[in-house]
Each structure stands twice: as C-alpha cells, then as structure tokens.
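Structure first, commentary second.
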Amino acid sequence: MPELPEVESARALIADRALGREIVAVDDSDTYVCRPHAPGELADALTGRRLTEAHRQGKAMWIETDDGGPVLGLHLGMAGRIVVDDAIAGDYVRDGGAADRPLWDRFTLRFADGGALILRDKRRLGRAILDPDLSRLGPDAAEIGRDEFRARVGRGDAPLKARIMDQSVLAGVGNLLADEALWRARLDPRQPAARLHDDELDRLRREIRAATRRAIARGGVHTGDVIPHRRRDGVCPRCGADMARATIGGRTTYWCSAEQAAG
C-alpha cells in the first residue's frame, strides 16, 4: 500500500510533468472519492487554473494553483496511484456516451495540451478534496530534526511501533516502513516509547530517513530488506533467527526475535 516513499514519488511525478499546464476539464463524478464535494464542485473550482507547486507532508499531498486559487489535496489511500499522460487502458464504466471512463480512474484533470493527471485507484479509498486540513499532522518523518524527534517520539506508554505510526506524532510512517526502520535500528517494536535513550532515538530517526530514501530509490516500501521475511516462517536476513509476529497498534508486526529483543 502507498506509504511516504510512494507518496513522495507521486509528488515528484506531478512536479516534473504536470505543473504549469492549464486544466480544461475535470472528472469529479465519483462522489465517494471526492466527498464531501458534490459532482461539478471541484470542476468549477479548478477548470481554467494551472497547477503551480506540489507538496507533501507524510502521506498527505497537495497541489497549489495559480493566482491564489484553491489547493487540491490528493490522497492515495491503500492502493491508489497517480498517473500523468498515461495511456487509457482496462475496463470501462459505461455511462452511455462521452462520460465513459476507465473503471479505476476515480478523479481526472484534463489539460489543454491533451494530457491528463489521474488518480487511479482499484480499491476506491483515495481522496480528492479542495483545501485539505493538515493541522492534525505531525512533522514529516523524512525531514524532522533530532531534538524534535526525541521530544515527540520518546514519550508515553504506547508501544514504540504504535508511537512512530501515530500520524499526529510523526507524519508518514506506515506499517511496512515502521517494521523496516525498527529492524534496521535493532529496536523492539513492543517496548514503550518512553524507555528509549537519546542514542536509540537518534538511531531510529536515522534509520527511518535511510529506509525512506532507499524505498524511494528502489520503487517503494515493499523493496525493504526485511519485507520479504515478514511471514510466519520468516527468518532474519541478518542473523538467521526466527522472525517474531504480533499485532501492535492494530497492525501485523514482524521483528527479529534475537536482535530486536528489548533488554
């Protein structure tokens, strides 16, 4: 599923290929993906505008428009992706004529030069929304400084994994990225966050950033070194010990039973 690295790749794609282009039509007919907006509301706000800047904080992404126009928020959900000028393919929603569209294309901006930016989402869990509220998000996991990371993460009785996945504490860490970073940092995901020493918090911050960079370069969080070993018969790719498994913060979690055992 999309996590911070996938969202950053989508933001970079928009920044590289969609900025400066005039929007001439908008398909906002999917009332679930475009909630709470009524059909035509996003089209009225965006048609005639140009996209000017693409931003990301954690898993949230938003795009500014020219002349102080509305901000377009895009969320990938669990299975969504952004495509720009992609060939139309796949099954279609049949709507009786010109409104026919590819089945998984939930929101589309069409540009004056004939191209398009599309939110393609098989599971229909993405969002397109005007002027998104980002006030509840913590600082970005890939950008947060050392002192702020210590203050925000190293407190409370919640398990460490649940703490770093709390988007109000640290924005952008999802289930796979958390397991990868904690494995790289050799930290037990079950231990209370407040028990970590400053050097452990510093190591975790470095490994979250490193795991994020590697995932972006490799094509997504699924490329992490420990991810293929997240299974019931998995073994640690470093030491060969069995991978332990539990549910932490409502998410299935794997860790090395030897190297990530809290003292």
Side-chain angles (χ1 to χ4, degrees), residues 1-18 26-37 39 42 54-63 72-95 100-110 116-130 132 134 137 140-142 161 164-167 171-181 211-212 214-224 226-228 230-231 247-254:
M1 73 182 67
E3 296 192 25
L4 187 159
E6 286 80 5
V7 179
E8 173 57 25
S9 294
R11 185 211 64 80
L13 175 66
I14 292 170
D16 182 54
R17 299 182 59 185
V26 179
D27 181 353
D28 61 356
S29 57
D30 191 313
T31 56
Y32 187 71
V33 169
C34 298
R35 66 190 189 279
H37 305 295
L42 280 85
H55 304 276
R56 181 195 56 75
Q57 184 171 344
K59 303 176 191 179
M61 177 169 54
W62 66 99
I63 313 168
L72 172 63
L74 295 174
H75 196 283
L76 300 182
M78 294 184 69
R81 62 190 182 100
I82 298 296
V83 295
V84 179
D85 301 335
D86 195 41
I88 296 175
D91 296 329
Y92 279 72
V93 172
R94 294 301 176 187
D95 207 11
D100 290 358
R101 59 179 171 80
L103 181 59
W104 311 128
D105 289 5
R106 307 300 183 181
F107 176 77
T108 302
L109 302 178
R110 299 203 178 278
L117 182 156
I118 301 167
L119 171 59
R120 188 163 289 166
D121 184 7
K122 184 175 182 178
R123 298 189 65 177
R124 204 185 179 203
L125 296 175
R127 292 288 302 276
I129 188 170
L130 294 176
L134 306 173
L137 288 179
D140 187 81
K161 180 177 179 179
I164 64 174
M165 288 185 63
D166 184 337
Q167 300 302 297
V173 178
N175 194 36
L176 298 186
L177 183 59
D179 279 3
E180 177 75 9
T212 299
R214 286 166 66 90
I216 292 171
R218 291 177 170 183
V221 290
H222 65 284
T223 64
V226 82
I227 304 307
R230 295 177 74 259
R231 57 179 190 266
T247 299
I248 300 175
R251 306 303 300 273
T252 300
T253 301
Y254 288 86

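Just so it is clear, the values below take in all heavy atoms, side chains as well, and ignore hydrogens, waters and symmetry mates. We count residues from 1, following the sequence as given.
- With sequence neighbours left out, the side-chain hydrogen bond (donor to acceptor under 3.5 Å, both in side chains) criterion links Q167 to no other residue.
- Annotation: side-chain contact (heavy atoms from CB on, under 4.5 Å) contacts of T223 (sequence neighbours excluded): R218.
- H75 is not listed as a side-chain neighbour of L119, based on a closest heavy-atom distance of 4.5 Å or more.
- Take A141 and apply the side-chain contact (heavy atoms from CB on, under 4.5 Å) test, not counting sequence neighbours, and it matches L4, L170, V173, I208.
- Partners of D140 according to the salt bridge (Lys or Arg N to Asp or Glu O under 4.0 Å) rule, which considers only residues two or more places apart in sequence or in another chain, are R56.
- Residues forming a ring pair (Phe, Tyr, Trp, His ring centres under 6.0 Å) with H222 (at least two apart in sequence, or on another chain): none.
- Atom CG of N175 and atom OH of Y254 lie 10.0 Å apart (nearest 0.5 Å).
- For the residue pair V221 and I227, the shortest heavy atom distance occurs at O-CG1, 3.4 Å.
- Closest heavy-atom contact between I164 and A178: CD1-CB, 4.0 Å.
- Residues forming a salt bridge (Lys or Arg N to Asp or Glu O under 4.0 Å) with R17 (at least two apart in sequence, or on another chain): D85.
- Remark: R214 engages D225 in a side-chain hydrogen bond (donor to acceptor under 3.5 Å, both in side chains) (not counting sequence neighbours).
- Across R110 and A116, no two heavy atoms sit closer than the pair NH1-CB, 3.8 Å.
- Judged as a side-chain hydrogen bond (donor to acceptor under 3.5 Å, both in side chains), and not counting sequence neighbours, the contacts of R230 are D179.
- For R127, there are no salt bridge (Lys or Arg N to Asp or Glu O under 4.0 Å) partners two or more places apart in sequence or in a different chain.
- Looking only at side-chain heavy atoms (C-beta outward), K59 and L76 stay at 4.5 Å or farther from each other.
- Note that the CD atom of E6 and the CD atom of E3 stand 6.5 Å from one another [nearest 0.5 Å].
- The side-chain heavy atoms of L130 and H37, taken from C-beta on, include a pair separated by under 4.5 Å.
- Evaluation of the side-chain hydrogen bond (donor to acceptor under 3.5 Å, both in side chains) rule for S9 yields no partner, not counting sequence neighbours.
- Across all their heavy atoms, V226 and E180 have their closest contact at N-OE1, 3.0 Å.
- Atoms NZ and CH2, on K122 and W104 in that order, are 5.5 Å from each other to the nearest 0.5 Å.
- When all heavy atoms of L125 and D121 are compared, the closest pair comes out as N-OD2, 2.7 Å.
- Residue G80 comes nearest to P2 through the heavy atom pair O-CG, 3.5 Å, listed as atom of the first residue, atom of the second, then distance.
- Side-chain contact between L42 and L72 is present, with at least one heavy-atom pair separated by less than 4.5 Å.
- Here the CG atom belonging to L177 is positioned 4.5 Å from the OG1 atom belonging to T212, to the nearest 0.5 angstrom.
- Partners of I14 by side-chain contact (heavy atoms from CB on, under 4.5 Å), not counting sequence neighbours, listed by chain and number: A18, L19, A54, M61, I63, L74, I82, L117.
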